[in-house]
Amino acid sequence: PERAEKEARLQAVLADPQATLIAVDECDVCLLATVRAMWQRVKTQVRLPTPGQNAKLGVFGGLNLRTGDWHYQISLHKRSSDFTAFLSGLVSAYAAGTIYVILDNVSIHHSKATLKWLSAHPRLHLVYLPTYSGHQLNPVEKVWWQLKRTIAANRNFRDLAQLEGALHACLSALRPDALLRL
């Protein structure tokens, strides 16, 4: 029901030539493989063991829509405190001017802790995308597709440290020009 209002707000924010625009999203990446289709030689089928309990890391990512700069934070959880820590990093990275953070409507983006943090940081404004449109309007979703295709598809990790190392290697290799094409 708020779609038109949210789209109008998004258009107004995108039209502000002075503001910093950051598209933000979060995802989970697991120790155990995400099984995907893949080419294999005949009679050499890859076996993916599924030992023990699965574990995961949360990843917060933000893409500057003007410069292509990529910001990310890896966390054990995706809680309000983790989200506000990520936002603190954005405020530090962009020391002056208005920062608009474009994101979906997940609960940590509206929590009491997040709203309290936002009241203490008036330069940063959250701009919510229309419900169920994040996969179409947020380019960070495409970063997650690439990330999961690169490090999670048909691949297991020994432990969270190995998974975190793979995440850092993949996410730090992202280049602004490629990100802006998303």
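Excluded from the calculations below are hydrogen atoms, water molecules and symmetry mates; all remaining heavy atoms, backbone and side chain alike, are included.
A donor-acceptor pair under 3.5 Å links the side-chain atoms of Arg66 to the main chain of Ala19, judged by distance alone.
Val127 and Leu103 fall into different hydrophobic clusters, defined by Ile, Leu, Val, Met, Phe, Trp and Tyr side-chain heavy atoms under 4.5 Å apart, directly or through other members. When the side chains of ILVMFWY residues are joined at heavy-atom separations under 4.5 Å, either directly or via intervening members, Val13 and Val91 end up in two distinct hydrophobic clusters. No continuous path of ILVMFWY side-chain contacts below 4.5 Å connects Phe83 to Val59, so the two sit in separate hydrophobic clusters. Note on Tyr128: it clusters hydrophobically with Ile99, by side-chain heavy-atom contacts below 4.5 Å among ILVMFWY residues. Linking Ile, Leu, Val, Met, Phe, Trp and Tyr residues whenever their side-chain heavy atoms come within less than 4.5 Å places Tyr94 and Leu124 in a single cluster.
Between Leu126 and His109, the closest heavy-atom pair is CD1-O, 3.6 Å. Here the closest non-hydrogen pair linking Leu160 and Ala55 is CD2-CB, 4.0 Å. Of all heavy-atom pairs spanning Phe157 and Ala166, the tightest one is CE2-CB, 3.6 Å. For the residue pair Lys142 and Leu182, the shortest heavy atom distance occurs at CD-O, 3.7 Å. Closest heavy-atom contact between Gly62 and Val24: CA-CG2, 4.1 Å. Residues Lys6 and Leu129 come closest through the heavy atom pair CD-O, 3.6 Å.
Note that CD1 of Ile102 and CD1 of Ile22 are 8.5 Å apart. Values are rounded to the nearest 0.5 Å. Glu7 contributes atom CD, which lies 7.0 Å from atom OG of Ser133 (distance to the nearest 0.5 angstrom). Here the CG atom belonging to Leu10 is positioned 11.5 Å from the OH atom belonging to Tyr100, to the nearest 0.5 angstrom. Between the NZ atom in Lys116 and the OG atom in Ser111 there is a gap of 11.5 Å [rounded to 0.5 Å]. Atom CG in Leu174 sits 9.5 Å away from atom CG in Leu63 (nearest 0.5 Å). Remark: Ile74 CD1 to Phe60 CZ distance equals 11.5 Å, nearest 0.5 Å.
Two residues are said to be in side-chain contact when any heavy atoms from C-beta on lie closer than 4.5 Å; Leu65 and Pro139 meet this criterion. Counting only heavy atoms from C-beta outward, the side chains of Leu76 and Leu57 approach each other to under 4.5 Å. Considering only heavy atoms from C-beta on, Leu147 comes within 4.5 Å of Leu167 through its side chain. Looking at heavy atoms from C-beta onward, Asn105 lies in side-chain contact with His110 at the 4.5 angstrom threshold. A heavy-atom distance below 4.5 Å is found between the side chains of Glu26 and Val106. In this structure, Ser172 and Tyr72 have side chains that are in contact, with non-hydrogen atoms separated by less than 4.5 Å. The shortest side-chain heavy-atom distance between Trp117 and Ser80 does not fall under the 4.5 Å cut-off. At a threshold of 4.5 Å between non-hydrogen side-chain atoms, the residues Leu137 and Pro130 count as touching.
Through side-chain heavy atoms spaced under 4.5 Å, either directly or across other Ile, Leu, Val, Met, Phe, Trp or Tyr residues, Tyr132 is tied to no other residue.
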**Request:** Might you work through the side chain to side chain contact (heavy atoms under 4.5 Å, CB included) test for Arg79 and Asp82, ending with a clear yes or no?
**Result:** CA-CA 5 Å; Arg79 298 179 181 156; Asp82 303 308; 3.5 Å; yes

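Phe86 and His71 have their aromatic ring centers separated by at least 6.0 angstrom.
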